[in-house]
Amino acid sequence: MKTDISDLRGDFPILDQLVNDEPLTYLDNAATAQKPNQVVAALTHFYQTDNANVHRGVHTLAERATAAYEDARHKVTHFINAAEPAEVIFTKGATDSLNLIASTYGEANIEAGDEIVISIMEHHSNLIPWQQLALRKHATLKYIELTPTGELDMADAETKITDKTKIVAVAHASNVMGTVNPIAALTKLAHQHGAIMVCDGAQAVPHMPVDVQALDVDFYAFSGHKMMAPTGIGVLYGKRDLLAAMPPYQFGGEMINFVHRYESTWNELPWKFEAGTQNIAGAVGLGAAIDYLENLGMSNVQAHEQQLVNSLLPQLTADHQIEVYGPHDPARHTGVIAFNIKGLHPHDVATALDMEGVAVRAGHHCAQPLMETLGLVATARASLYIYNTQDDVDRLIHALNETKEFFSHELIKAE
């Protein structure tokens with residue numbers, strides 16, 4: 001990893017600005033990450049030199065665009081250690097990827113009386129598709145609950161996953177509590193009962209090394225924009241035999257082999273699932289983002305974020321006026337930290353922090369069943385990434401102290 005962090009931050013000109021007359025401290029990376037110059041340059045180069053539709057075209061620009069698009073697929077394949085490029089489907093994002101599985105594999109394989117098991121910490125993107133599938137198919141949706149420390153209760157998982165279970169769908173890392181889930185162990189448990197394992201990797205792939213073959217997951221979904229690629233591009237990894245047996249998700253151009261008046265045949269993998277003109281530039285940008293991350297080294301990315309968590313999390317948990325949700329052990333935590341100042345609404349906290357130039361998110365974070373379980377309506381959430389520094393951590397702590405001072409009368413009443 002680059003040893004001079006200021007040199008790294010120089011790749012992200014958006015960070016070099018004032019917000020409310022204060023230096024921007026961007027801590028909303030779980031929602032979306034900023035884009036380095038290298039990704040922006042890749043997009044500009046594509047549009048200025050290679051822009052054309054992919055596949056089938058025989059002219060030079062079409063061949064260049066196709067090569068760039070498929071090169072991005074090869075980069076993804078290597079990045080997550082898929083067995084082959086045919087197992088990498090380009091989608092709009094993790095949400096689209098998860099809906100694809102529910103609408104194809106789920107529709108074809110779930111019957112009345114079957115069970116679908118997810119965790120209570122799931123983002124709505126990995127909850128509502130299964131909820132609605134269960135309702136349509138008269139299947140049973142079951143939730144794995146949490147331990148008192150905010151981690152997945154594996155003893156409960158062993159109870160909930162049975163021989164009736166057909167699908168287990170769990171996030172690799174929580175977008176609220178920063179909990180990293182034991183996906184390999186869950187996958188083994190699911191397979192022992194004849195179920196498939198679906199993993200939402202949106203909060204994992206940008207932040208840690210991910211090896212889908214080592215995890216042995218059947219499907220793995222993630223978004224480009226959380227790992228510095230453009231919005232509107234994502235990935236669904238699936239094992240070849242499962243993808244080959246699944247029906248198409250959408251119909252139209254590109255995904256066909258032959259179309260006759262009254263019947264059609266489908267293209268080979270992965271193009272069977274990529275109907276219409278895809279986000280070609282987005283795929284090119286995703287490839288550039290992967291180049292950037294691999295240049296840093298994902299182990300180094302994880303170590304850098306862990307160093308910041310090691311500083312920030314103990315300061316938050318030691319403050320008696322702040323409630324932190326999820327594991328309090330920094331070693332069991334990603335750079336996503338949800339918290340509340342006791343007695344203050346998180347929207348007020350986020351607004352006050354913004355006045356200090358600190359960008360965090362406040363709300364239910366698309367995890368309302370988790371909020372209900374925690375007895376909350378919303379939290380504030382700070383989330384770290386590679387361009388954040390110890391100065392950013394210090395600015396957050398300072399801004400929180402300023403916020404507590406500003407609302408001191410309300411906090412006294414709360415006590």
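Quantities reported herein were computed from a predicted structural model and do not represent experimental measurements.
In this structure, K92 has no side-chain hydrogen bond (donor to acceptor under 3.5 Å, both in side chains) partners at least two apart in sequence or on a different chain.
Remark: aromatic rings of H172 and F222 are distant, center separation not under 6.0 Å. Within the 6.0 Å centre-distance limit, the rings of W266 and F251 are counted as a close aromatic pair. A ring-centre distance under 6.0 Å is not found for Y249 and F273.
Put simply, the side chain of D200 never gets that close to the backbone of A94: no donor and acceptor are under 3.5 Å apart. One N or O on the side chain of K35 and one on the backbone of A33 form a donor-acceptor pair closer than 3.5 Å.
A salt bridge links D216 with K239: the closest approach of a Lys/Arg side-chain nitrogen to an acidic carboxylate oxygen falls below 4.0 angstrom.
At a threshold of 4.5 Å between non-hydrogen side-chain atoms, the residues E274 and E254 do not count as touching. By the 4.5 Å heavy-atom criterion applied to side chains, L100 and T104 are counted as neighbours. Within the 4.5 Å cutoff, the side chain of F79 has heavy atoms near those of the L293 side chain. K142 places a side-chain heavy atom less than 4.5 Å from the side chain of T162. At a threshold of 4.5 Å between non-hydrogen side-chain atoms, the residues V198 and Y105 do not count as touching. You'll find the side chain of N300 stays beyond 4.5 Å of the side chain of I386, heavy atoms only. I183 is listed as a side-chain neighbour of V217, based on a closest heavy-atom distance under 4.5 Å. Using a 4.5 Å heavy-atom threshold, the side chains of Y325 and L376 count as touching.
Separation of atoms CG (D392) and CG (L396) is listed at 9.0 Å; rounding is to 0.5 Å.
Defined by atom type and a distance below 3.5 Å, a donor-acceptor pair is present between the side-chain atoms of T379 and H365. Side-chain atoms of H78 and E294 include a donor-acceptor pair closer than 3.5 Å. Side-chain contact annotation: T32 with H225, donor-acceptor N/O pair under 3.5 Å present. At a cut-off of 3.5 Å, with distance as the only test, a side-chain donor of D11 or Y292 sits close to an acceptor on the other residue. Of the N and O atoms on the side chains of D211 and N81, at least one donor lies less than 3.5 Å from an acceptor on the other residue. Between the side chains of Q390 and D394, at least one donor-acceptor pair of N or O atoms lies under 3.5 Å.
Screening H124, H123, H347 against H364 for a ring pair (Phe, Tyr, Trp, His ring centres under 6.0 Å) leaves a single residue, H124.
Within a 6.0 Å sphere centred on NE2 of H55, heavy atoms belonging to other residues, nucleotides or ligands number more than 12.
Residue L141 comes nearest to A134 through the heavy atom pair CB-CB, 4.2 Å, listed as atom of the first residue, atom of the second, then distance.
By the 30° and 60° cut-offs, the orientation of the rings of Y69 relative to F90 is tilted.
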